[in-house]
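To start, the structure under review is shown below, and the notes come after it.
For the single chain, residues carry numbers from 1 onward in sequence order. Values below: all heavy atoms of this structure, side chains included; hydrogens, waters and symmetry mates excluded.
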Amino acid sequence: MTLREFIISRLQLFCFLVTMILVTSAVLGAVIAPEKELRYYHLFSPVIIAAACVLPTIITYFRKEPTIPEYIIRLIAELSVIEVLVLIMVSPPADVDIVYFRIMLGISVFVIYVLATLMMLYQRYLQSKKFTRQLRHLQKSE
């Protein structure tokens, strides 16, 4: 993967994360603190959290394809850093049980991470299929 392709994939990941964080915030807010109201400045928090979550994904940039164990180790490290970042950055509402909030937040981060990883892997799969078709077309034309 070239650096340009990697940067484009990180921008796509950022947009996906902002959307997923907004949806998750709405669901968690409706369940945990439905009586609370948001101010306009609260709408910036999904953007800030998504940006902070994209930064650790830099460790998954490879100039050459990694082995499966290398890839899994880096994904685990990435998930761990993201979990810690989000748990530090997001504070629970004043009248909510902190342990329950942290568990729900941790589960949400894990689900979003899995969805984002699957989306990125599916994108790479489609890209490899495109390259395979192009190679077959090139071979037939020779």
Side-chain angles (χ1 to χ4, degrees), residues 1-140:
M1 174 182 291
T2 66
L3 184 60
R4 181 175 180 261
E5 291 170 339
F6 181 75
I7 291 171
I8 290 172
S9 73
R10 297 302 104 174
L11 289 173
Q12 290 172 338
L13 176 63
F14 172 77
C15 293
F16 178 77
L17 286 177
V18 168
T19 304
M20 293 301 296
I21 291 169
L22 279 169
V23 170
T24 304
S25 298
V27 170
L28 285 178
V31 170
I32 293 176
E35 69 283 346
K36 295 283 183 185
E37 291 184 12
L38 292 178
R39 306 276 186 233
Y40 286 113
Y41 64 88
H42 288 117
L43 296 174
F44 288 111
S45 58
V47 175
I48 294 167
I49 293 170
C53 290
V54 168
L55 288 178
T57 66
I58 292 172
I59 65 172
T60 60
Y61 174 67
F62 300 100
R63 290 189 182 165
K64 58 182 181 177
E65 287 300 315
T67 64
I68 291 177
E70 288 175 342
Y71 187 72
I72 291 172
I73 289 170
R74 289 190 184 193
L75 286 179
I76 291 171
E78 185 180 285
L79 175 61
S80 301
V81 170
I82 290 171
E83 285 277 0
V84 169
L85 275 174
V86 172
L87 290 174
I88 289 172
M89 289 175 59
V90 179
S91 60
D95 57 344
V96 174
D97 181 28
I98 293 174
V99 174
Y100 176 70
F101 179 80
R102 296 286 185 204
I103 290 170
M104 293 299 292
L105 186 62
I107 291 169
S108 300
V109 168
F110 179 76
V111 169
I112 291 172
Y113 181 81
V114 168
L115 289 173
T117 302
L118 290 174
M119 181 195 73
M120 300 305 284
L121 289 173
Y122 183 68
Q123 179 184 6
R124 288 182 187 170
Y125 169 74
L126 291 178
Q127 187 178 29
S128 68
K129 280 184 69 170
K130 176 183 169 187
F131 288 148
T132 303
R133 279 195 307 269
Q134 289 174 344
L135 282 173
R136 285 185 182 153
H137 179 71
L138 184 64
Q139 287 175 344
K140 288 180 183 178

### Query
How far apart are the closest heavy atoms of R102 and V90, and which atoms are they?
NH1-O, 2.7 Å
#### Entry: Distance-minimising heavy-atom pair for V18 and P46
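Looks like CG2-O, 4.1 Å.
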Would you say the side chain of [Y] lies within less than 4.5 Å of the side chain of [X], judging by non-hydrogen atoms?
X: Y71; Y: L75; answer: yes
X: F14; Y: R10; answer: no
X: Q134; Y: K130; answer: yes
X: E83; Y: L79; answer: yes
X: M119; Y: L115; answer: no
X: I48; Y: M89; answer: yes

[X] [atom1] to [Y] [atom2] distance, which is reported to the nearest 0.5 Å:
X: C15; Y: M20; atom1: SG; atom2: CE; value: 14.0 Å
X: R4; Y: I7; atom1: CZ; atom2: CD1; value: 9.5 Å
X: L17; Y: I49; atom1: CG; atom2: CD1; value: 10.5 Å
X: I112; Y: F110; atom1: CD1; atom2: CZ; value: 12.0 Å
X: Y125; Y: Y122; atom1: OH; atom2: OH; value: 7.5 Å
X: T57; Y: F6; atom1: OG1; atom2: CZ; value: 5.0 Å

### Query
Would you find more than 12 non-hydrogen atoms of other residues, nucleotides or ligands less than 6.0 Å from L121 atom CG?
yes
### Message
Does I68 have more than 12 heavy atoms from other residues, nucleotides or ligands lying within 6.0 Å of its CD1?
### Response
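No, CD1 of I68 has 12 or fewer neighbouring heavy atoms, counting only those of other groups under 6.0 Å.
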### Task
State whether a side-chain donor-acceptor pair under 3.5 Å links E78 with Y113.
yes
### Message
Run the side chain to side chain contact (heavy atoms under 4.5 Å, CB included) test on K129 and R133 for me, step by step, so that the C-alpha distance in whole Å, both residues' side-chain angles and the decisive distance to 0.1 Å come before the verdict.
### Response
CA-CA 6 Å; K129 280 184 69 170; R133 279 195 307 269; 4.2 Å; yes
### Test side chain to side chain contact (heavy atoms under 4.5 Å, CB included) applied to C53 and L85, V86, V81, L13, the passing residue
V86
### Query
Is it true that a side-chain atom of T24 and a backbone atom of I21 form a donor plus acceptor pair closer than 3.5 Å?
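The answer is no, because no donor-acceptor pair under 3.5 Å joins these two groups.
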